[in-house]
Amino acid sequence: MNNKKNMKLTILSILLIGAGILLTMSCNKDRSEDDRIAIEAYLLDEGIERGENLGEYQIEDGVYYIITKEGLDAERPDPGSTVTVNYKGYLLDKTVFDENDNSTFGLNGVIEGWRIGIPLIERGGSATLLIPSALGYGSNSPSGDIPDNSVLIFEVDLIDF
């Protein structure tokens with residue numbers, strides 16, 4: 001009798017965990033679609049078109065990026081590089097949450113959106129990165145200045161690496 005009861009509880013637990021996983025996957029899918037729509041609306045409002053010319057947006061692994069200044073040479077950092085950048089971070093409503101000049105750090109220690117986006121910039125070049133929440137901080141915002149599940153925008157000057 002106890003074995004049947006334990007078996008039913010185990011099956012019920014598995015079903016509940018499975019339902020939770022499916023719900024989480026569905027929410028993440030909805031969140032990424034919401035982010036995509038919000039980013040594309042922002043770009044439209046800013047008059048930025050998709051293309052490959054200077055000042056037009058492209059997409060790489062989910063990160064939208066706009067090269068705003070060509071680099072000094074064709075060299076780009078790799079995802080494991082240590083880089084020196086000037087940057088300004090803000091939300092879609094243009095609220096600035098961070099700004100720093102001559103900041104040096106390893107790309108292996110930053111958000112995924114930076115690990116994808118910074119290697120797209122040539123040394124001495126500049127870009128704007130629009131990072132969906134899943135490639136930023138997701139639901140684990142590091143501060144009150146950045147709400148959970150926020151799209152992040154960074155203006156980045158790649159000084160050196």
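Since the model is a prediction, treat every value here as computed from it, not as a measurement.
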Discussion item. What I want to check is whether the side chains of Glu99 and Tyr90 have a donor and an acceptor closer together than 3.5 Å.
Written reply: no
Same cluster or not: are [X] and [Y] linked, directly or through other Ile, Leu, Val, Met, Phe, Trp or Tyr residues, by side-chain heavy atoms under 4.5 angstrom apart?
X	Y	answer
Leu54	Val63	yes
Val96	Ile39	yes
Val156	Ile66	no
Tyr137	Leu107	yes
Tyr57	Leu92	yes

Looking at every heavy atom in both [X] and [Y], which two are closest together, and how far apart are they?
X	Y	answer
Leu120	Arg76	O-NE, 3.6 Å
Pro77	Pro119	O-CB, 3.2 Å
Ala127	Ile67	CB-CD1, 3.9 Å
Gly62	Ile59	N-CG2, 4.0 Å

Can a donor-acceptor pair be found, under 3.5 Å and without considering hydrogens, that links the side chain of [X] to the backbone of [Y]?
X	Y	value
Thr68	Ser126	yes
Arg115	Val110	yes
Asp157	Val85	no
Asp101	Asn86	no

Response to the item:
The single option from Asp160, Asn102, Thr104 that satisfies side-chain hydrogen bond (donor to acceptor under 3.5 Å, both in side chains) with Thr84 is Thr104
Rounded to the nearest 0.5 Å, what separation is found between the [atom1] atom of [X] and the [atom2] atom of [Y]?
X	Y	atom1	atom2	answer
Ile121	Ile159	CD1	CD1	11.0 Å
Asp61	Ile116	CG	CD1	5.0 Å
Asp35	Asp30	CG	CG	11.0 Å
Asp98	Lys88	CG	NZ	11.5 Å
Leu129	Ile153	CG	CD1	10.0 Å
Gln58	Glu52	CD	CD	5.0 Å

Item to complete: Would you indicate whether the side-chain heavy atoms of Arg50 and Tyr64 approach each other to under 4.5 Å?
Response: no
Worksheet item: Heavy-atom distance under 4.5 Å between the side chains of Pro147 and Leu91, does that happen here?
Response: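 Yes, close enough: below the 4.5 Å cut-off.
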Worksheet item: Is Glu46 atom CD crowded by more than 12 heavy atoms from other residues, nucleotides or ligands, each under 6.0 Å away?
Response: yes
Fill in: Plane angle bin for Tyr87 and Phe105 - parallel if under 30°, tilted between 30 and 60°, otherwise perpendicular
perpendicular
Practice prompt. Would you please test Phe154 and Tyr65 for ring-ring contact (aromatic ring centres under 6.0 Å, His included) and show each step?
Written response: CA-CA 9 Å; Phe154 289 96; Tyr65 69 100; over 10 Å; no
Discussion item. For Ile111 and Leu152: C-alpha separation, side-chain torsions, deciding distance, then whether side chain to side chain contact (heavy atoms under 4.5 Å, CB included) applies.
Written reply: CA-CA 11 Å; Ile111 60 172; Leu152 307 175; 4.0 Å; yes
